[in-house]
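Shown next, in structure tokens, is the structure this report addresses.
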Amino acid sequence: MTRHLLEVDDLSAPELATVLDLAERPDPPQVLAGRGMALLFEKPSLRTRNATEMAVVQLGGHPLSVRAEEVDVDVREPASDVARALSGYHAAIGARVFDHSTLKRMAAAASVPVVNLLSDASHPCQALADLLTIRRHFGRLAGIQVAYVGDFNNVARSLGLAAASSGMTVRYACPDAYGPGQADLDAARAVGGDVSSTTVPAEAVSGADVVYTDVWTSMGAEDEAEHRRHAFEGFTVDEELMARAGEAGVFLHCLPAHRGEEVAAAVVDGPRSLVWEQAENRMHAVRGLLLFLLAERRERHEPGDTSPAP
Ligand code: CP
Ligand code: NVA
């Protein structure tokens with residue numbers, strides 16, 4: 001079976017730690033020499049595209065990014081046929097999609113690893129970079145308390161799973177109707193985490209080591225933006241809220257940030273913000289992930305895998 005990364009819990013806890021260790025390798029083996037990775041984007045991207053393209057280059061490979069409308073996915077041909085064809089040219093496929101089920105169909109048809117570069121449901125590569133950033137800063141993950149304030153979205157879901165599986169405590173603070181469902185809490189608890197949810201930001205942030213937020217309106221939900229601005233009043237991460245975090249508490253945001261909405265400029269641009277390290281770590285984390293997925297593949301010697309061993 002080809003390994004894919006559609007959500008963080010496709011990796012066991014030890015595998016997640018291995019990916020983070022691989023992300024730290026100073027001279028990564030050139031596992032992609034003479035090979036490519038196809039990157040398909042249905043939505044805009046700055047960090048994910050640049051980070052993944054450069055990670056592929058650092059592994060000796062050639063990244064090939066395309067906007068989905070160029071391919072006309074599911075109009076000109078089904079996503080499954082796209083994945084099957086791309087498997088003939090590339091060692092791995094990455095895709096950013098509106099609907100998570102598109103990724104599932106691609107993974108089911110692909111004969112090379114498929115990596116989720118963000119869907120409506122999850123953003124696992126972001127979560128890997130978030131954990132790398134936290135581990136680099138605090139020197140450990142176990143026991144770290146993370147407070148996520150705002151919309152329970154793709155970023156929040158993957159962060160919760162990654163943090164829970166790494167022995168961290170997760171406290172969500174989201175407005176009513178924008179928080180995690182029982183199934184989300186159960187999924188994070190199933191990987192071993194201490195996870196809870198409240199509608200009071202100050203409660204979640206109290207004593208936190210990491211305060212995290214993301215946009216109130218994700219890509220694809222733009223027509224809800226005005227309504228959401230009202231629903232999320234009181235959920236801005238500002239200096240007053242940050243003062244409730246632990247003394248050594250830091251601020252994270254996957255970016256892009258909207259200053260004056262989910263975060264105050266004084267926080268995202270302030271001394272406790274690690275957002276630029278976090279953004280750079282997207283590249284190191286995805287490089288570690290690719291090393292892991294491609295090495296797994298070589299060890300398995302799959303029948304029908306005619307691509308050169310990494
Ligand atoms: N954080 C993140 O995924 O950024 P982009 O949307 O710019 O890729
Ligand atoms: N939740 C955001 C993350 C962007 C990186 C979105 O989906 O638009």
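Predicted model, so just to flag it, every value in this text is computed and none were measured. As the structure lists them, so they are numbered: ligands from 1, and atoms in each ligand from 1.
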Item to check | Selection from Gln278, Lys43, Met219, Arg96 by shortest heavy-atom distance to atom 6 (O) of ligand 1 | outcome: Arg96

Next on the checklist: Check Arg105 with Asp74, please: is the shortest side-chain N to carboxylate O separation under 4.0 Å?
Outcome noted: yes

Checklist outcome for this item: Note: ligand 1 atoms sitting under 4.0 Å from heavy atoms of His123 are 2 (C), 3 (O)

Checklist entry - With only distance considered, is Arg49 within less than 3.5 Å of ligand 1 through an N or O on each side? => result no

Checklist entry - Just by distance, with hydrogens left out, do Ser119 and Arg96 show a side-chain donor and acceptor under 3.5 Å apart? => result no

Item to check | salt bridge (Lys or Arg N to Asp or Glu O under 4.0 Å) assessment of Glu15 paired with Arg3 | outcome: CA-CA 12 Å; Glu15 286 174 339; Arg3 292 288 299 266; 2.8 Å; yes

Item to check | ligand 1 to Leu46 polar contact by distance, N or O atoms, under 3.5 Å | outcome: yes

Item to check | Positive for side-chain contact (heavy atoms from CB on, under 4.5 Å) with Leu16, one of Val191, Val8, Leu161, Asp10 | outcome: Val8

Next on the checklist: As a test of understanding, state which of Tyr172, Phe235, Phe232, Phe152 forms a ring-ring contact (aromatic ring centres under 6.0 Å, His included) with Tyr178.
Outcome noted: Phe232

Checklist entry - Do Cys254 and ligand 1 have an N or O pair less than 3.5 Å apart? => result yes

Checklist entry - Any side-chain donor-acceptor pair under 3.5 Å between Asn154 and Asp120? => result no

Checklist entry - Do you see a donor-acceptor pair shorter than 3.5 Å between the side chains of Thr236 and Glu262? => result no

Checklist entry - How close does the nearest protein non-hydrogen atom get to atom 2 (C) of ligand 1, and which residue and atom is it? => result Arg282 NH1, 3.4 Å

Item to check | atom 4 (O) of ligand 1: the protein heavy-atom neighbour that sits closest, reported with distance to 0.1 Å | outcome: Arg47 NE, 2.9 Å

Next on the checklist: Check Glu203 with Arg244, please: is the shortest side-chain N to carboxylate O separation under 4.0 Å?
Outcome noted: no

Next on the checklist: Run Arg228 and Asp223 through salt bridge (Lys or Arg N to Asp or Glu O under 4.0 Å) and show every step you take.
Outcome noted: CA-CA 10 Å; Arg228 282 171 170 263; Asp223 55 344; over 6 Å; no

Expected rows: ligand 2 N/O, protein N/O, dist below 3.5 Å:
unit_1, atom_1, unit_2, atom_2, d
ligand 2, 1 (N), Asn153, ND2, 3.3
ligand 2, 1 (N), Asn154, OD1, 2.9
ligand 2, 1 (N), Asp214, OD2, 2.6
ligand 2, 1 (N), Ser218, OG, 2.7
ligand 2, 7 (O), Asn154, ND2, 2.8
ligand 2, 7 (O), Ser218, OG, 3.4
ligand 2, 8 (O), Met219, N, 2.8

Item to check | Test side chain to side chain donor-acceptor pair (under 3.5 Å) applied to Glu226 - qualifying residues, sequence neighbours left out | outcome: Arg229, His230

Item to check | Residue Leu255 vicinity, atoms of ligand 1 by number, heavy atom under 4.0 Å | outcome: 1 (N), 2 (C), 4 (O)

